[in-house]
There are 2 protein chains.
Amino acid sequence: MEHRIDRIKKQLHSQSYKLTPQREATVRVLLENEEDHLSAEDVYLLVKEKAPEIGLATVYRTLELLSELKVVDKINFGDGVSRYDLRKEGAEHFHHHLVCIECGSVEEIEEDLLTDVEKIVEGQWGFEVKDHRLTFHGICRVCQKQAVSAASTNESGKE
Amino acid sequence: MEHRIDRIKKQLHSQSYKLTPQREATVRVLLENEEDHLSAEDVYLLVKEKAPEIGLATVYRTLELLSELKVVDKINFGDGVSRYDLRKEGAEHFHHHLVCIECGSVEEIEEDLLTDVEKIVEGQWGFEVKDHRLTFHGICRVCQKQAVSAASTNESGKE
DNA sequence: CATCCAGTGATAATCATTATCAGATTGTAT
DNA sequence: ATACAATCTGATAATGATTATCACTGGATG
Ligand SMILES: [Zn+2]
Ligand SMILES: [Zn+2]
Ligand SMILES: [Zn+2]
Ligand SMILES: [Zn+2]
């Protein structure tokens, strides 16, 4: 934790930005909720618990700054809000997501998976890939099981 | 053109929706600008040229409806507006996009490219893929050429 | 005809995000 | 320490996209 804060601090300093208390509080919230996909509002409410004096605008500004520095990636799952996702240590690219259309859960995929596809895109389309966004929409493991058990219940009930 | 309108008409009827004049005008605009990625506002302005009496709300409603019927796909390139992209005839999945971070141009990729990746996701993550969104961010062919020629100009100018 | 109801247009309301601006904080030169 | 400039912050207003509301229309049904 402290280690990662230090790295981010250095990254900020390298562009002559400071790690102010507000920025640090925001980063801590992101680190503590790394598995989630928080909106700016979500982050704001969580930061407020520790640093009640912080303003919403500052949270937006901080997230924007972290986004420029590639500390976080901004992503949109189509529900009208931007979400902010910490980039894993040393990750070259943004990771992928599995969004369940039944329960709304979001799972992460760390593996790159796109190496071959990017080669094709570079070779065949002459497009120099810098980053990507890949999201799959479908049915998660849990919802699949529920569908199966619901079906067998119906069957035994001779519906 | 008429052929595709007919198919969409049937698709609407199959869910007991009607192809009203407003809806038809909207669909025609989408067909005539298939290569673009229009926002709701864009569509509204274009439809107004032919059917000046149409209201913005109706355009939003129509796009939402077409989206549910999978006639169009709603996509967000991160610029704060939703864009609507006609699904190609008979296409199983949404197509992919190449967004240039220099000039903002958007190129399309019809080829699926993700068959293998989806197999992995289904096998290894147990996730049943229904659809996907894949966007590459990078430098398009044109901007690459410009960068090269700019560099050689500098060189010959002994900058 | 009377009734019903999906669909429509105008416009108000909502909600996320951005802009503004005065005050606080920091670093630095004197 | 004092003065000064630059950065940063919080409150709040403004913006802009999208959604909700509501009265009205036109076609279908009996
Ligand atoms: Zn699920
Ligand atoms: Zn994620
Ligand atoms: Zn370009
Ligand atoms: Zn497209």
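Residue numbering restarts at 1 for every chain, and letters A, B, ... go by the order of the sequence lines.
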- Item | Contact under 4.0 Å: Ser82(A) side-chain N or O vs dT17(C) OP1/OP2 | yes

- Query: Between Arg4(A) and Glu2(A), does at least one N-O distance fall below 4.0 Å, as a salt bridge requires?
  - Reply: no

- Message: As a test of reading the structure: which of dT9(D), dT18(D), dT17(C) is closest to the side chain of Tyr60(B), going by heavy atoms?
- Response: dT18(D)

- Query: Are Lys9(B) and Glu24(B) ion-paired here, with the side-chain N under 4.0 Å from a carboxylate O?
  - Reply: no

- Over how many whole Å does the gap from Tyr17(B) atom OH to dA28(D) atom P extend? 19 Å

- Message: Without decimals, in angstroms, what is the distance between Asn76(A) CG and dA17(D) C1'?
- Response: 13 Å

- Task: Would you indicate, yes or no, if dT26(C) has its OP1 or OP2 atom less than 4.0 angstrom from a side-chain nitrogen or oxygen of Thr20(A)?
- Result: no

- Centroid-centroid under 6.0 Å between His37(A) and Tyr84(A) rings: no

- Query: Which of these passes side chain to side chain contact (heavy atoms under 4.5 Å, CB included) with His96(B): Glu107(B), Glu108(B), His132(B), Glu111(B)?
  - Reply: His132(B)

- Quick note, Arg23(B) side chain, CB onward, closest among dG7(C), dT9(D), dT17(C) is dG7(C)

- Query: From the list dT18(D), dG10(D), dG7(C), which nucleotide is the closest neighbour of the side chain of Thr58(A)?
  - Reply: dG10(D)

- Specify the separation, in whole Å, of atom CG of Asp79(A) and atom C1' of dC15(C). 13 Å

- Item | Between dT26(C) (C1') and Glu24(A) (CD): distance, integer Å | 16 Å

- Item | Interatomic distance where CD belongs to Glu64(A) and C1' belongs to dT18(C) [whole Å] | 10 Å

- Task: Specify the separation, in whole Å, of atom CG of Leu56(A) and atom P of dA16(C).
- Result: 10 Å

- Item | N or O in side chain of Gln22(A) less than 4.0 angstrom from dT25(C) OP1/OP2 | no

- Report the nucleotide, chosen from dT17(C), dT11(C), dG10(D), that has the shortest atom-to-atom distance to any side-chain atom of Glu53(A). dG10(D)

- Message: By the 4.0 Å heavy-atom rule, please label Arg61(B) as base, sugar-phosphate, or nothing.
- Response: base

- Item | Earlier contact from the 5' end, DNA chain C, for Ala57(A) and Lys18(B) | Lys18(B)

- Would you kindly give the NZ-to-P distance between Lys48(A) and dT9(D), to the nearest whole Å? 16 Å

- Query: Under 4.0 Å between a Lys/Arg side-chain N and an Asp/Glu carboxylate O for Glu89(B) and Arg7(B)?
  - Reply: yes

- Identify whether any heavy atom of Glu41(A) sits under 4.0 Å from a base atom; if not, whether one sits that close to sugar-phosphate; answer base, sugar-phosphate or nothing. nothing

- Task: Starting from P on dA16(C), measure out to CZ on Arg83(A) and report it in whole angstrom.
- Result: 10 Å

